[in-house]
Amino acid sequence: MENQARMMLGHIGLSGLSEEDVGDPDNIRKHHSLGQPQQDIGDILQQIMTITDESLDEAQARKHALNCHRMKPALFSVLCEMKEKMALGIRGIQEEDGPDPQILRLDNMLLAEGVAGLEKGGASAAAAAVAVAAGASPSDGSLQHSEYREKLAQIRQMYHAELEKYEQACNEFTDHVMNLLREQSRTRPVSPKEIERMVGIIHRKFNTIQMQLKQSTCEAVMILRSRFLDARRKRRNFSKQAAEILNEYFYSHLANPYPSEEAKEELAKKCSITVSQVANWFGNKRIRYKKNVSKLQEEANMYAMKTAASASSQASQGNSPATPNSGTSTHT
DNA sequence: CAGTATGATTCTGA
DNA sequence: TCAGAATCATACTG
């Protein structure tokens, strides 16, 4: 950081003059009386270039010597003059280009994913959104989404830690550069605009770093999300018992195999699956039955007989069936 | 390992 | 918005 700042500023600073130049006023006279201005400029440039090799203490001593030098006001005015000419070139640079659309996009994405939001609500909301996208009921969410939420929280934590680190580093660096410039303004002309410009440059640099952080965070969330959805996509056959229950209901309501919300909920509870899984099952079953009536007729008969048997046994025990047996008789 | 079964997803039309 | 239809992806079976 220290060196970077010096490198950024050193090339225009006066502190490049060597000890003998600054310490001994005669040297300046000597250089001027040599009648070889090009050689002198070369020397000075050489000295300027070696500034970065010096220790901080040396530089401080040199600066102090320079500040006390009786030629300083004259040098300062010369530098002001030079700067006036140079400033024309600097002014051409555009200052602000408004908020970066890419950063905005990334911010929105992170907000939507619950990474950049205020509290954990964002993360759970995102998890719920994933649950809805995956067609699951909210009731089965807590168990299956806990892992997702945990990972998301990890990403979130890392993101915020890094962001804070970058912000801190940016502020520290800005402070440091501003102090350096303020310090230098005693020996060379440094306008507030220039300081502002330098701060702008630093902020832009840190913004690009921040954008990279946001980009990789987005990537991580996307990977996590797709992995989570892929995991849900992995199919497990329902248990034999669940299939029995669903088939029984289907064939006993063959004339109208569209269970109501309440019926679906009950079936879901009985089969230990979600309501949407019940809906999926009925959707699949209806279409597949229709496509293959002749083949599934056998299955229909089997379930019809089974239902009849259980109904009669229940009747003999004095219990009435819980669900009406509407469709079986038409399909024998 | 190929063919089939099955749960889930996506698209379409009413 | 919902059901049907097509399709995908995986599990199961001979």
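Lettering follows sequence order; numbering is per chain, from 1. Only this structure's heavy atoms are used, side chains among them; waters, hydrogens and symmetry mates stay out. None of these values were measured; they are calculated from a predicted model.
Nearest-nucleotide mapping onto DNA chain C: of A:Lys291 and A:Asn237, the residue sitting toward the 5' end is A:Lys291.
With ring centers used as reference points, A:Tyr249 lies under 6.0 Å from A:Phe282.
Spacing between atom CZ of A:Phe282 and atom P of C:dG4 amounts to 12 Å, rounded to whole angstrom units. Atom pair A:Lys240:NZ and B:dA5:C1' shows a separation of 11 Å (rounding to whole Å applied). One atom, CD of A:Glu261, and another, C1' of C:dT1, lie 12 Å apart when rounded to the nearest Å. Between the CG atom of A:Asn292 and the P atom of C:dA5 there is a distance of 14 Å, given to the nearest Å. Note: CH2 (A:Trp281) to P (B:dT9) measures 18 Å, nearest angstrom. Straight-line distance from the CZ atom of A:Arg286 to the C1' atom of B:dG7: 15 Å, rounded to whole Å. A straight line from CG of A:Leu246 to P of B:dA8 spans 11 Å, rounded to a whole angstrom. In this structure, A:Tyr289 places its OH atom 18 Å from C1' of B:dT6, rounding to the nearest Å.
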Starting from the C-alpha separation in whole Å, work towards a yes-or-no answer on side-chain hydrogen bond (donor to acceptor under 3.5 Å, both in side chains) for A:Arg204 and A:Asn207.
CA-CA 5 Å; A:Arg204 272 198 287 281; A:Asn207 264 349; over 6 Å; no
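A search for ring-ring contact (aromatic ring centres under 6.0 Å, His included) contacts involving A:Tyr159 returns nothing, not counting sequence neighbours. By the salt bridge (charged side-chain N to carboxylate O under 4.0 Å, His left out) test, A:Asp107 is found to be paired with A:Lys214, residues two or more places apart in sequence or in another chain being considered. With sequence neighbours excluded, the residues that form a salt bridge (charged side-chain N to carboxylate O under 4.0 Å, His left out) with A:Glu261 are A:Lys264. Take A:Lys205 and apply the side-chain hydrogen bond (donor to acceptor under 3.5 Å, both in side chains) test, not counting sequence neighbours, and it matches no residue.
Between A:Tyr289 and A:Tyr251, the two ring planes are perpendicular [angle over 60°; tilted spans 30° to 60°].
Heavy-atom contacts from other residues, nucleotides or ligands closer than 6.0 Å to CD of A:Gln157 number 12 or fewer.
To the nearest 0.5 Å, the span separating CZ on A:Phe206 from CE on A:Met211 amounts to 15.0 Å.
Checking C:dA3, B:dA8, C:dA5 against the side-chain heavy atoms of A:Gln277 singles out B:dA8 as nearest. Looking at the side chain of A:Arg236, the nearest of the listed nucleotides C:dA11, C:dA3, B:dA8 is C:dA11.
Residue side chain A:Asn284 reaches the base of B:dA8 through a donor-acceptor N/O pair under 3.5 Å, judged by distance alone. Side-chain N/O atoms of A:Arg288 and base N/O atoms of C:dG4 include no donor-acceptor pair closer than 3.5 Å.
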Pull out every protein N or O sitting under 3.5 Å from an N or O of nucleotides 11-14 of chain B, one pair per line with the distance.
none

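Remark on the helix from B:dC1-C:dG14 to B:dA14-C:dT1: inter-end axis angle 10°, axes from five-pair C1' superpositions, rounded to 10°.
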